[in-house]
Number of protein chains: 2
Amino acid sequence: MKDFHFELQARDGEARTGIIHSPRGEIRTPAFMPVGTAATVKAMLPQNVRETGADILLGNTYHLMLRPGAERIARLGGLHKFMDWPRPILTDSGGFQVMSLSALRKISEEGVKFQSHIDGHEEFLSPERAMQIQRQLGSDIQMVFDECPALPATHAAIEKSMALSMRWAKRSKTEFQQQPEEERAGRACFGIVQGGTFADLRLRSAEALKEIGFDGYAVGGLAVGEPQSAMFETLEATVPHLPSDRPRYLMGVGKPDDIVGAVLRGVDMFDCVLPTRSGRNGQAFTAQGALNLKNARFAEDSAPLDSDCDCPACRQFSRAYLHHTVKSGEIIAAMLLTWHNLTHYQRLMHDMREAIAQSRLSDWATQYSASRQIAVPEN
Amino acid sequence: MKDFHFELQARDGEARTGIIHSPRGEIRTPAFMPVGTAATVKAMLPQNVRETGADILLGNTYHLMLRPGAERIARLGGLHKFMDWPRPILTDSGGFQVMSLSALRKISEEGVKFQSHIDGHEEFLSPERAMQIQRQLGSDIQMVFDECPALPATHAAIEKSMALSMRWAKRSKTEFQQQPEEERAGRACFGIVQGGTFADLRLRSAEALKEIGFDGYAVGGLAVGEPQSAMFETLEATVPHLPSDRPRYLMGVGKPDDIVGAVLRGVDMFDCVLPTRSGRNGQAFTAQGALNLKNARFAEDSAPLDSDCDCPACRQFSRAYLHHTVKSGEIIAAMLLTWHNLTHYQRLMHDMREAIAQSRLSDWATQYSASRQIAVPEN
């Protein structure tokens, strides 16, 4: 059984490229993790997700604990077997979803009581419970349980929330270490820096986490509606304080240009529902920006979606076909556009890894921005 | 350019096996044609439909004329290119859908005026228009335009409707023959026997069609709610009167045991939405009968859906996973169960072709019925 460790291979400014080694496979960084919320990357077979270039998926503790249940997945042999994804899986701790999805949540020092958004039954998540669930799922990278406050918020409110998250981080790590060693071997526990957009709180949070000691460090509480500039400034105030020999993960981000900006600022890992959710909504990311396939101008467009892409949507079909199937609400539209968007994201990560290895990321990023006529999906 | 022709290879009682040769590929009979209503076999990529063993798809004139439009598909290079299915396609004439889907239809000798079920705009279908649309789509097997009366109905009503359908069959054939010869080469036109469940009307209809002369003969107006026994009796009163050197096609049928019974009675071709629609509704056809994956008894069932099947649903996942994704409304459930059901149907056809070639279809059918504990999907 190999250990979990991060091999840093090259730096280019603040940006880095490397490999996270884990018993279930290597993760090339910078890495994008497709989101497999309920034990499926929506509208994709797992082998096809792998074909897009994904080394690792993200699973959601909150969704899986509610349905089908972590104990059930454990009895069925764990999440990897259940969803037929033998490679690494990172699970979040449920903290973010409890805040954004559940009704009637009540936060105490002990944890969070909440009602399921599926059937209203009462549930409880705490640092200990979140880590136990992630263990039952068989997760390779387990995230500490944290509180994710909504932004904007006052310094005092964010300070109080961050301090609670740091106490919970300590309890999460303690719980992780109580897992039997033969089971824990090769598995990682990541801390999550909180502190909103306040540089002093981010610094204190980073210091608190380093004091505890983690296998990787995430930046949480961003991509919740703040401007991109605030996100980048927060990264600049945070990332330099994280250990350079551990992976850095920006949670829930994001649009392609968010990811490029974060890689330039030293981030190694990303996850976001955008490529999959947009794909189901008829939106495609291309080298020239995002396209909305619902748009009538594609109705007789015989060109491929993106002539530089070799995914099935681009290789086998025209924009006119994608327009027709999106308009008709056909499942194949969700399948093809999801496949394309994940391929686009993985190609973006691949291109950045190469550019970093060749010390030309800054030039690459300038060219990348210039080539994109449209930065965000049209409506 | 090869011709369209039917090579009869073996008989076993009334049942037959053979190959329909066409420029776009061979069709092994008895054949099941998955339904690709709106230029997609729902929830499947075309290469995966082929992998299940399908030699030919069915496309719907009614759906395609409304969206995206036959003229548009013609400008985009035809239906095969549009939907990336290079093999044979049979198109229906729209007659059945006009009766079952459209609002405010008005039938005259000339044809049918109707309103689109999508946006209410007025459309018109006639024998000539139906054949023109099928030509624009580039269909390999084009069906005559017919009227499909609802059952039960009086002898007089069915007689009148059948007579109209026979006049329309003649006009359809005339229109087909006016297509330029270089375009028509290798393409076929099939007649459709009507007459409800009345043996005398079926006989008269068959004679009328033979008089016109077609490349193949369909039996229409069945599978509209009548008991299976009535369907089988109607086949027994009809099929012996059809030319034995032409393919026979039972339209819109059906459940696996309907198909077995019809093959025993001399039918060569079938289409039905059941495997695809059931797949999207959480139902699976297996060697032991149909299963409803929504059923809670599958929640922790770690067995494969059907241990004799080598489709991705059965090879890679458990019944518990299928239950979870069906219950969660995940697209992957529709993808996997559709793939499985089409695989099941194609294996059924394959097994019957082998049994006929080896003159053991009757024994095979007895065994087949005995092995199925449940004949129709549970609810």
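First the proteins, then the strands, lettered A, B, ... as listed; each starts at 1. Everything quoted here is computed from the prediction, not taken from an experiment. Side-chain atoms are counted along with the backbone in the values below, which use heavy atoms only and exclude waters and symmetry mates.
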Enquirer: Under the 3.5 angstrom rule, does the side chain of A/Asn60 hit a backbone N or O of A/Tyr62 as a donor-acceptor pair?
Expert: no
Enquirer: For B/Ile73, is it the side chain, the backbone, both, or neither that has a heavy atom closer than 4.5 Å to a heavy atom of chain A?
Expert: neither
Enquirer: Which one wins on heavy-atom pair count under 4.5 Å against chain B: A/Ser328, A/Gly77, A/Ala38, A/Pro312?
Expert: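 So the answer, after comparing A/Ser328, A/Gly77, A/Ala38, A/Pro312, is A/Ser328.
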Enquirer: Using a strict cut-off of less than 4.0 Å between a Lys/Arg side-chain nitrogen and an Asp/Glu carboxylate oxygen, indicate whether A/Asp140 and A/Arg24 qualify as a salt bridge.
Expert: yes
Enquirer: Does the pair A/Arg129/A/Glu71 count as a salt bridge with the N-to-O cut at 4.0 Å?
Expert: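 The answer is yes: the pair qualifies as a salt bridge.
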Enquirer: Measure B/Ala334 against the heavy atoms of chain A and call it side chain, backbone, both or neither at under 4.5 Å.
Expert: side chain
Enquirer: Mark yes or no for whether A/Arg87, through its side chain, and A/Ile56, through its backbone, hold a donor-acceptor pair below 3.5 Å.
Expert: no
Enquirer: Picking from A/Gly69, A/Ala333, A/Ala39, which has the most non-hydrogen pairs under 4.5 angstrom with chain B?
Expert: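 Max contact count across the listed options: A/Ala39.
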Enquirer: Pick one of side chain, backbone, both or neither for B/Arg67, based on which atoms fall under 4.5 Å of a heavy atom in chain A.
Expert: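 Both backbone and side chain.
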Enquirer: Between A/Arg75 and chain B, with a heavy-atom cut-off of 4.5 Å, which part of the residue counts as in contact: side chain, backbone, both or neither?
Expert: side chain
Enquirer: Among residues 44-54 of chain A, which ones touch chain B with a heavy-atom distance under 4.5 Å?
Expert: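 Within residues 44-54 of chain A, the residues that come under 4.5 Å of chain B (heavy atoms only) are A/Met44, A/Leu45, A/Pro46, A/Gln47.
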Enquirer: Does any N or O in the side chain of A/Gln134 come within less than 3.5 Å of the main-chain N or O of A/Met143, such that one atom is a donor and the other an acceptor?
Expert: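 Yes, the answer is positive, given that a donor and an acceptor are paired below the 3.5 Å cut-off.
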Enquirer: Against chain B, work out which of A/His323, A/Glu300, A/Glu330 has the most heavy-atom pairs shorter than 4.5 Å and name it.
Expert: A/Glu300
Enquirer: Please flag which part of B/Phe317 lies under 4.5 Å from any non-hydrogen atom of chain A: side chain, backbone, both or neither.
Expert: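 Side chain of B/Phe317 only, per the 4.5 Å heavy-atom cut-off to chain A.
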Enquirer: Test your reading of the model: is there a side-chain donor-acceptor pair from A/Trp85 to the backbone of A/Pro88, 3.5 Å cut-off?
Expert: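 Here the side-chain-to-backbone pair exists.
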Enquirer: Any sub-3.5 Å donor-acceptor pair from B/His121's side-chain atoms to B/Gln115's backbone N or O?
Expert: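 A pair under 3.5 Å: no.
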Enquirer: Can you check whether B/Asp92's main-chain N or O pairs, donor with acceptor, with B/Thr61's side chain at less than 3.5 Å?
Expert: yes
Enquirer: Between B/Leu57 and B/Met83, does the side-chain contact (heavy atoms from CB on, under 4.5 Å) criterion hold? Intermediate values first, please.
Expert: CA-CA 11 Å; B/Leu57 297 188; B/Met83 69 185 292; 3.6 Å; yes
Enquirer: Between chain A and each of B/Asp84, B/Ile118, B/Thr37, count heavy-atom pairs under 4.5 Å; write down the option with the most.
Expert: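 Counting heavy-atom pairs under 4.5 Å, the top option is B/Asp84.
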Enquirer: For this output row, return yes or no: ring centroids of B/Phe32 and B/Tyr345 closer than 6.0 angstrom.
Expert: yes
Enquirer: Is it the backbone or the side chain of A/Leu336 that comes under 4.5 Å from a heavy atom of chain B, or both, or neither?
Expert: side chain
Enquirer: Output, in order, the C-alpha distance, side-chain angles, deciding distance and verdict of ring-ring contact (aromatic ring centres under 6.0 Å, His included) for B/Phe82 and A/His324.
Expert: CA-CA 10 Å; B/Phe82 186 61; A/His324 164 65; 5.6 Å; yes
